[in-house]
Protein chains: 2
Amino acid sequence: MKTYSISQAAKELNLTAYTLRYYDKEGLLPFVDRSESGTRQFKEKDIDALRIIECLKSTGMPIKEIKHFIDWCAEGDSSLQQRYNMFLERKACVEAQMEELKKTMEMIDHKCHYYETALEAGTEKIHQEVKMEFPEY
Amino acid sequence: MKTYSISQAAKELNLTAYTLRYYDKEGLLPFVDRSESGTRQFKEKDIDALRIIECLKSTGMPIKEIKHFIDWCAEGDSSLQQRYNMFLERKACVEAQMEELKKTMEMIDHKCHYYETALEAGTEKIHQEVKMEFPEY
DNA sequence: TTAATCCTTATAGTTAACTCTAAGGCAAGA
DNA sequence: TCTTGCCTTAGAGTTAACTATAAGGATTAA
């Protein structure tokens with residue numbers, strides 16, 4: 001079975017070897033086996049697990065909370081409900097982030113339009129004048 | 001014209017007074033006027049500007065870069081093009097974030113389904129067995 | 001064999017964005 | 001008047017997540 005060295009694994013995941021060692025130190029990688037001389041040997045399955053870790057991180061989950069999940073995984077079937085609940089919470093969190101991002105996009109679009117108009121007119125004053133004639137709402 | 005004290009402004013923006021003073025120190029709030037005794041007096045327009053600052057922050061823009069935008073605003077019409085370009089870049093950035101979030105959501109959904117199936121079966125093993133019969137792609 | 005290039009552990013430093021403390025000024029209500 | 005509760009400044013402390021250094025061991029390529 002193919003294994004990856006720490007730097008190969010890092011490359012695969014767009015991380016650094018430093019980061020992977022840091023994750024290991026924080027207890028995120030208890031499943032990674034070592035060679036006789038103590039070198040970490042990342043299996044394909046470990047890379048997949050790390051992709052899940054990165055996914056959780058991208059939802060804004062701090063490393064200490066991700067560790068709870070990793071611990072639950074080691075516990076086996078008795079923690080299935082907790083793990084399911086965690087993913088449901090993450091789902092809600094991501095949905096909220098999507099909503100936020102939509103609002104952000106609306107503001108950015110509004111500003112893009114603001115500057116397009118200003119550039120056409122050659123001055124930002126165009127917006128002040130418009131507002132004086134047609135007060136906002 | 002109504003003005004807000006720093007703590008009122010903070011409340012309005014869901015920030016703390018500490019944070020607003022920090023922003024000021026970093027040069028993000030040169031437009032905020034002071035009373036005779038030196039107290040910051042936030043105008044409605046200033047609150048709106050802070051909402052834009054928060055919007056930029058939510059796109060992942062660091063405070064030092066936001067300062068460039070604030071400086072451009074003070075420069076007037078000569079920086080219109082730069083400011084427009086900046087918002088176009090932010091737009092692209094937010095679009096990329098949306099794509100990322102979509103991928104994250106797909107993984108989360110996949111995991112939710114994984115745990116639903118496992119909970120029904122009472123064990124995670126159901127997934128290993130399935131994989132043995134029908135290898136993945 | 002010798003240098004390069006990996007790897008290890010332990011520990012220190014960095015960065016961003018706050019977050020708070022200390023010391024003190026001002027103004028309104030009891 | 002005096003206490004409460006704002007406000008100010010300067011500067012120190014915190015936190016998360018890296019990021020790097022030091023000291024040294026093992027493996028590979030010329």
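Below, read A as the first sequence line, B as the second, and so on, with proteins coming before strands; counting in each chain starts at 1.
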Touch class at under 4.0 angstrom, heavy-atom based, for [X] against every strand present:
{"X": "B:Thr16", "answer": "nothing"}
{"X": "B:Lys25", "answer": "base"}
{"X": "B:Ser37", "answer": "nothing"}

Exercise. Do B:Glu12 and B:Tyr4 meet the criterion of a side-chain donor-acceptor pair at a distance under 3.5 Å?
Worked result: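 The answer is no; no qualifying pair exists.
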
Nearest-Å distance, [atom1] ([X]) to [atom2] ([N])?
{"X": "B:Tyr18", "N": "C:dA22", "atom1": "OH", "atom2": "P", "answer": "11 Å"}
{"X": "B:Ile63", "N": "C:dT15", "atom1": "CD1", "atom2": "P", "answer": "16 Å"}
{"X": "B:Arg21", "N": "D:dC6", "atom1": "CZ", "atom2": "C1'", "answer": "10 Å"}
{"X": "B:Leu20", "N": "D:dC6", "atom1": "CG", "atom2": "C1'", "answer": "15 Å"}
{"X": "B:Asp33", "N": "D:dT8", "atom1": "CG", "atom2": "P", "answer": "14 Å"}
{"X": "A:Asp24", "N": "C:dT8", "atom1": "CG", "atom2": "C1'", "answer": "12 Å"}
{"X": "A:Ile6", "N": "D:dT27", "atom1": "CD1", "atom2": "C1'", "answer": "17 Å"}
{"X": "B:Tyr23", "N": "C:dT19", "atom1": "OH", "atom2": "P", "answer": "9 Å"}

Please tell me which of the listed nucleotides, [options], lies nearest to the side chain of [X]?
{"X": "B:Thr19", "options": "D:dA17, C:dC6, C:dC18", "result": "C:dC18"}
{"X": "A:Lys64", "options": "D:dC7, C:dC7, D:dA16", "result": "D:dA16"}
{"X": "A:Thr39", "options": "D:dC7, C:dC18, C:dC7", "result": "C:dC7"}
{"X": "B:Arg34", "options": "D:dC7, D:dT8, C:dC7", "result": "D:dT8"}
{"X": "A:Tyr22", "options": "D:dT19, C:dT19, C:dA17", "result": "D:dT19"}
{"X": "A:Ser7", "options": "C:dC18, D:dT8, C:dC6", "result": "C:dC6"}

For this session: Flag the pair A:Phe87 / B:Tyr114 as yes when at least one side-chain heavy-atom distance between them is below 4.5 Å, and no otherwise.
Result: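 No; the side chains remain at least 4.5 Å from each other.
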
Exercise. Name the one of B:Ile63, B:Leu28, B:Asp48 that satisfies side-chain contact (heavy atoms from CB on, under 4.5 Å) with B:Ile53?
Worked result: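 With B:Ile53 as partner, side-chain contact (heavy atoms from CB on, under 4.5 Å) holds for just one option, B:Leu28.
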
Below the 4.0 Å mark, does [N] have OP1 or OP2 next to a side-chain nitrogen or oxygen of [X]?
{"X": "B:Ser5", "N": "D:dC6", "answer": "no"}
{"X": "B:Lys57", "N": "C:dC18", "answer": "yes"}
{"X": "A:Arg40", "N": "C:dC7", "answer": "no"}

For this session: Over all heavy atoms of both residues, which pair between A:Ala10 and A:Thr16 is shortest? Give the atoms and the distance, please.
Result: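 Nearest heavy atoms, A:Ala10 then A:Thr16: CB-C, 3.6 Å.
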
For this session: Apply the test side-chain contact (heavy atoms from CB on, under 4.5 Å) to residues A:Cys73 and A:Arg83: give CA-CA distance (whole Å), side-chain angles for both, the deciding distance (0.1 Å), then the verdict.
Result: CA-CA 8 Å; A:Cys73 289; A:Arg83 286 185 268 161; 3.9 Å; yes

